[in-house]
Protein chains: 2
Amino acid sequence: MTKARPPRHLQFGNSTLDETDARIVAALDSDARLSMSELARSVGMSAPSVSERVRRLEAGGVVRGFTVDVDTRAIGYEIRAMVRIRPLPGKLHLVEKLIQEQPKFVECDKITGDDPFLARLVVHSIEQMDDVLESLSEHAVTSTAVIKGTSVKRRLPPL
Amino acid sequence: MTKARPPRHLQFGNSTLDETDARIVAALDSDARLSMSELARSVGMSAPSVSERVRRLEAGGVVRGFTVDVDTRAIGYEIRAMVRIRPLPGKLHLVEKLIQEQPKFVECDKITGDDPFLARLVVHSIEQMDDVLESLSEHAVTSTAVIKGTSVKRRLPPL
DNA sequence: GTTGAAAATAGCACGAA
DNA sequence: TTCGTGCTATTTTCAAC
């Protein structure tokens with residue numbers, strides 16, 4: 001009896017990608033709008049094969065979708081900040097809802113430690129940042145660190 | 001004398017987008033692989049016009065590119081964490097370099113406050129997380145918060 | 001910004017390895 | 001089961017307006 005490799009459709013969920021899938025994902029990460037033909041050329045396969053692999057990567061949950069990388073500063077959001085948020089006793093769910101409903105919070109993770117939330121905030125000005133933080137002050141304590149620059153731009157880990 | 005609106009090609013860099021551009025960017029954010037035809041239909045314009053607007057959004061720096069949203073858990077990175085990093089005296093640049101060269105740090109911002117760096121880390125296991133933090137311990141003090149979940153998935157601020 | 005034609009591409013069925 | 005070929009429909013691109 002030969003050592004069975006799990007069928008491809010079960011390989012997603014915890015495992016690694018094969019060489020070809022990794023190259024496809026990496027190529028799409030640098031330009032998600034590549035045509036299937038270009039993609040196929042860059043990995044040395046036919047377009048239908050690549051197309052099918054992308055479909056499976058999406059179906060398997062590895063690829064959640066394709067998005068645009070917008071420079072928020074270019075549209076007037078001059079200030080970015082990371083805000084740690086500690087709701088007052090009994091206000092955890094209320095505060096989470098307030099964060100979700102404030103669209104200038106562009107991302108928020110629930111984390112371990114003293115502060116349950118860590119959120120990314122973009123605003124047009126310091127005054128506007130103060131307004132947003134002020135609107136939470138009744139229900140939570142916040143610690144804000146303004147972003148001065150970027151050391152590592154969002155990237156994929158090793159595939 | 002009529003109140004002059006700045007010409008479109010100078011509008012990027014600090015201003016807001018017009019209604020159509022905002023709809024285009026929002027549509028691309030939810031699916032960056034939409035065809036120009038579909039995009040054109042959704043905003044009620046011809047394909048060449050939409051195509052030209054997208055080209056200008058890229059040239060103007062509003063759109064930096066198109067990326068894929070990968071679920072790192074689906075490829076085995078079970079643990080995500082936010083790590084605050086405070087280099088020891090004189091080691092700021094060395095530490096920044098170490099962060100940049102560790103591909104499991106998938107993002108890192110330079111921030112104000114006691115800890116100069118705030119980095120996002122993805123790892124396969126707690127043991128692997130410890131390895132990464134250990135590799136910095138000679139040059140920096142770290143504070144790690146494991147991500148338990150997400151309150152706000154990365155999204156665009158109001159356009 | 002729109003239209004229309006030519007080139008490129010995507011999607012499908014089918015056959016080969 | 002995965003990949004490649006050939007077909008048709010759709011899309012992209014460019015020109016002219």
Side-chain angles (χ1 to χ4, degrees), chain A residues 1-69 75 159, chain B residues 2 4-12 15-60 62-70 74-76 159:
Chain A
M1 160 182 171
T2 164
K3 183 178 285 183
R5 198 180 52 162
R8 277 190 56 79
H9 67 286
L10 289 181
Q11 229 177 30
F12 302 147
N14 48 21
S15 181
T16 188
L17 305 174
D18 75 15
E19 169 75 14
T20 304
D21 284 336
R23 290 175 66 189
I24 289 173
V25 171
L28 286 174
D29 189 54
S30 66
D31 182 5
R33 287 187 63 80
L34 280 175
S35 71
M36 290 301 167
S37 323
E38 293 170 297
L39 207 47
R41 279 192 285 274
S42 78
V43 303
M45 285 203 334
S46 71
S49 304
V50 171
S51 190
E52 173 64 10
R53 277 172 177 265
V54 171
R55 199 196 57 71
R56 274 201 298 255
L57 287 165
E58 293 189 65
V62 174
V63 169
R64 275 191 290 239
F66 302 94
T67 64
V68 61
D69 178 14
I75 53 174
L159 304 174
Chain B
T2 164
R5 199 179 51 161
R8 273 191 58 78
H9 68 284
L10 291 179
Q11 229 175 32
F12 301 147
S15 181
T16 188
L17 305 174
D18 75 15
E19 169 74 15
T20 304
D21 284 336
R23 290 175 66 189
I24 289 172
V25 171
L28 286 173
D29 189 53
S30 66
D31 182 4
R33 286 187 64 80
L34 280 175
S35 72
M36 290 300 167
S37 326
E38 293 169 295
L39 210 45
R41 280 191 286 274
S42 78
V43 304
M45 288 201 335
S46 70
S49 305
V50 171
S51 191
E52 174 64 10
R53 277 172 178 265
V54 172
R55 200 195 58 71
R56 274 203 294 258
L57 287 164
E58 293 190 65
V62 173
V63 169
R64 274 190 291 238
F66 302 94
T67 64
V68 60
D69 177 14
V70 171
I75 52 174
L159 303 175

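Letters go in sequence order (proteins before strands), and every chain restarts at 1. Heavy-atom basis, side chains included; hydrogens, waters and symmetry copies ignored. Computed from a predicted structure; not experimentally measured.
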Check whether any side-chain nitrogen or oxygen of [X] sits under 4.0 Å from OP1 or OP2 of [N], and answer yes or no.
X       : N      : result
A:Arg56 : D:dT2  : yes
B:Ser51 : D:dT12 : no
A:Arg55 : C:dA10 : no
A:Ser46 : D:dT5  : no
B:Ser37 : D:dT10 : no
B:Arg53 : C:dG1  : yes

*On DNA chain C, check which nucleotide each of A:Pro48 and A:Glu38 is closest to and give me the residue with the more 5' one.*
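With A:Pro48 and A:Glu38 compared, the 5'-side residue is A:Glu38.
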
What is the distance from [atom1] of [X] to [atom2] of [N], rounded to the nearest Å?
X       : N      : atom1 : atom2 : answer
A:Leu34 : D:dT12 : CG    : P     : 14 Å
A:Ile24 : D:dT2  : CD1   : C1'   : 13 Å
A:Met45 : C:dA10 : CE    : P     : 14 Å
A:Leu57 : D:dT2  : CG    : P     : 12 Å
A:Met36 : C:dC12 : CE    : P     : 12 Å
A:Arg41 : D:dG4  : CZ    : P     : 14 Å
A:Leu39 : C:dA8  : CG    : C1'   : 16 Å
B:Glu52 : C:dT3  : CD    : P     : 17 Å

*Using the salt bridge (charged side-chain N to carboxylate O under 4.0 Å, His left out) rule, take A:Glu52 and A:Arg55 through it: C-alpha gap first, then chi angles, then the decisive distance, then the call.*
CA-CA 5 Å; A:Glu52 173 64 10; A:Arg55 199 196 57 71; 3.0 Å; yes

*When all nucleic acid strands are considered with a 4.0 Å heavy-atom cut-off, which category describes B:Ser35: base, sugar-phosphate, or nothing?*
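If one applies the 4.0 Å heavy-atom cut-off, B:Ser35 turns out to touch the sugar-phosphate alone, with no base involved.
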
*For B:Arg33, answer base if it contacts any base atom (sugar-phosphate contacts may also be present), sugar-phosphate if it contacts only those atoms, and nothing otherwise; contact means non-hydrogen atoms under 4.0 Å.*
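Answer is nothing: B:Arg33 stays at 4.0 Å or more from every strand.
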
Flag side-chain contact, heavy atom, 4.5 Å: [X] against [Y]:
X       : Y       : answer
B:Leu28 : A:Arg33 : yes
B:Leu57 : B:Leu17 : yes
A:Val63 : A:Val54 : no

Which pairs of donor and acceptor atoms, one on a side chain in residues 36-46 of chain A, lie under 3.5 Å apart (sequence neighbours left out)?
{"from": "A:Glu38", "atom 1": "OE1", "to": "A:Ser35", "atom 2": "N", "distance (Å)": "2.9"}
{"from": "A:Glu38", "atom 1": "OE1", "to": "A:Ser35", "atom 2": "OG", "distance (Å)": "3.1"}
{"from": "A:Ser42", "atom 1": "OG", "to": "A:Leu39", "atom 2": "O", "distance (Å)": "2.9"}
{"from": "A:Ser46", "atom 1": "OG", "to": "A:Ser49", "atom 2": "OG", "distance (Å)": "2.9"}

